[in-house]
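What follows is a set of notes on a single structure, which appears directly below.
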Protein chains: 2
Amino acid sequence: MDIKTSCLGVLALRPASGYEIRKAFEEGPFSHFAEGGFGSIYPALSKLTGEGLVTFEVEAQEKRPDKKIYQITDAGRATLVEKLCEKAPDDDKYKSDLLFILFFAGQLPADRIRNVIDDRIAFYQAKLDHLSECGGAGEGSAPDLVRGFGVTVYSAAMSYLQDHRQDFIKLADDNRPAADAAD
Amino acid sequence: MDIKTSCLGVLALRPASGYEIRKAFEEGPFSHFAEGGFGSIYPALSKLTGEGLVTFEVEAQEKRPDKKIYQITDAGRATLVEKLCEKAPDDDKYKSDLLFILFFAGQLPADRIRNVIDDRIAFYQAKLDHLSECGGAGEGSAPDLVRGFGVTVYSAAMSYLQDHRQDFIKLADDNRPAADAAD
DNA sequence: GTCCGCATGTAAGTAGTTACATGATTCA
DNA sequence: TGAATCATGTAACTACTTACATGCGGAC
């Protein structure tokens, strides 16, 4: 999703500063489907302000730069709904680098294969831990159902990697018979 | 994966023209983890040629533009392996637009929710059909194992959507009690 | 007779990322 | 003393995407 819509999405839940929006992308429920650094968030908020989709109030702080608390406007909410109705959700290609790398397992060192698989398993585990922690929106709520999707998909992916870890490693370049190395 | 590496990947399997590389991104086994249009493929091939990672031979054709058949060089193969060893495969965030949309199911019309879910189920089904067709690389081969990953993940995602389709639809904006509409 | 497949490429535009710039506070 | 958190923002760069430009042949 584009950065402006992602910001509107966070602000639809509660007012926030640019800094807090970024935290939401990293830690909150949005971390599973949105991202963006300061370099894109701040310009996005400027544009949204110019378009009247958000407003902000400055909260003075003594020992830090003043904090701008952004709030979504009615026009902003309407725009968010519009975007979510118009946009064709064409992504989700699992066009993952991991699969690209594993496709060439036979040409790569076993250590590399082991590392990418183990790192990914750890990544899935961390995601699953995070998903089980950040419940609390209520059974059957949209956030809860979306969370369930994440759990289902990450679990399936993790199990597959665990089950086939050894198969991939066996394929790796340095496991091929000596005939090959002596070539 | 960046476009240059993706092209090298296709060429590592067989020589091909720019046009054929694009077909590989759309239809072949690469369609599950690589993509790119002509606007990125042709410039990438020029750069790769300049770097000595690929060479090409011109195959004259009478009634069409001459075809350039690109072939990977030894340096190209080495570079591919290097890239696949260096690059941190950090993607796979399931940062999908679908989940973003479903997260806001309560604010959107039921028709929209129904459509995105049904479209996505059809998409998964098409992917699964395609994956089962394009077997043939041999049991336990890298392409086969990668294919298995795709089947596992797509199946899990599809089942989840099928099982929770009604739950999402029930949450939708126009299913809320009249009290809300009369507000 | 119009759209699709084959076949190559360029130019302009978009949407981001990365690095820079600044600076106090708090924790190890 | 050095890193992490809080806090905002700009400028340069990268890497694609989209639209344009050209043109024949065959299928429907």
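Residue numbering restarts at 1 for every chain, and letters A, B, ... go by the order of the sequence lines.
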Check this one for me: any side-chain N or O of B:Gln61 less than 4.0 Å away from OP1 or OP2 of C:dC6?
no
Excluding sequence neighbours, so at least two apart, what forms side chain to side chain contact (heavy atoms under 4.5 Å, CB included) with B:Thr5?
A:Phe100, B:Met1, B:Asp2, B:Leu80, B:Lys83, B:Leu84
Let me know the distance between CD1 of A:Ile69 and P of D:dC6, rounded to the nearest Å.
13 Å
List the residues meeting salt bridge (Lys or Arg N to Asp or Glu O under 4.0 Å) with A:Asp144, not counting sequence neighbours, and say none if there are none.
A:Arg147
Result for side-chain contact (heavy atoms from CB on, under 4.5 Å) between A:Leu108 and one of A:Val116, A:Ile101, A:Leu102, A:Asp174 points to A:Ile101
Scan A:Ser17 against the nucleic acid and name what it touches under 4.0 Å (heavy atoms): base, sugar-phosphate only, or nothing.
sugar-phosphate
For A:Pro43 and for A:Lys67, locate the closest nucleotide of DNA chain D by heavy-atom distance; then report the residue assigned to the nucleotide nearer the 5' terminus.
A:Lys67
Between CG of A:Asp66 and C1' of C:dA24 the distance, given in whole Å, is 14 Å
Quick one: which of C:dG5, C:dT10, D:dG9 gets closest to the side chain of B:Tyr19?
C:dG5
Rounding to an integer number of Å, can you tell me how far A:Lys23 NZ sits from D:dT5 P?
10 Å
Run the salt-bridge test on A:Asp111 and A:Arg114 with the 4.0 Å N-O cut-off and return the result as yes or no.
yes
Presence of salt bridge, B:Lys47 and B:Glu51, under 4.0 angstrom
no
A cation-pi test, strictly: NZ or CZ of A:Arg22 under 6.0 Å from the centre of the six-membered ring of A:Tyr19 and no more than 45 degrees from its axis. Yes or no?
no
Nearest-Å distance, CD (B:Glu27) to C1' (C:dC6)?
13 Å
What string of B, S and - do you get for nucleotides 11-18 of chain D, 5' to 3', when a contact is any protein heavy atom under 4.0 Å?
-----SBB
Carboxylate-amine/guanidinium contact A:Arg14 A:Glu20, below 4.0 Å
no
For the side chain of A:Lys68, counting heavy atoms from C-beta on, which of D:dT8, C:dA7, D:dA7 is nearest?
D:dT8
Could you check how far CD1 of A:Ile21 sits from C1' of D:dT8, rounded to whole Å?
13 Å
Could you give the CD-to-P distance, from A:Glu26 to D:dC6, as a whole number of Å?
10 Å
Roughly, in whole Å, what's the span from OH in B:Tyr42 to P in D:dA19?
18 Å
Take atom CD of B:Glu59 and atom C1' of C:dT8, then tell me their distance rounded to the nearest Å.
14 Å
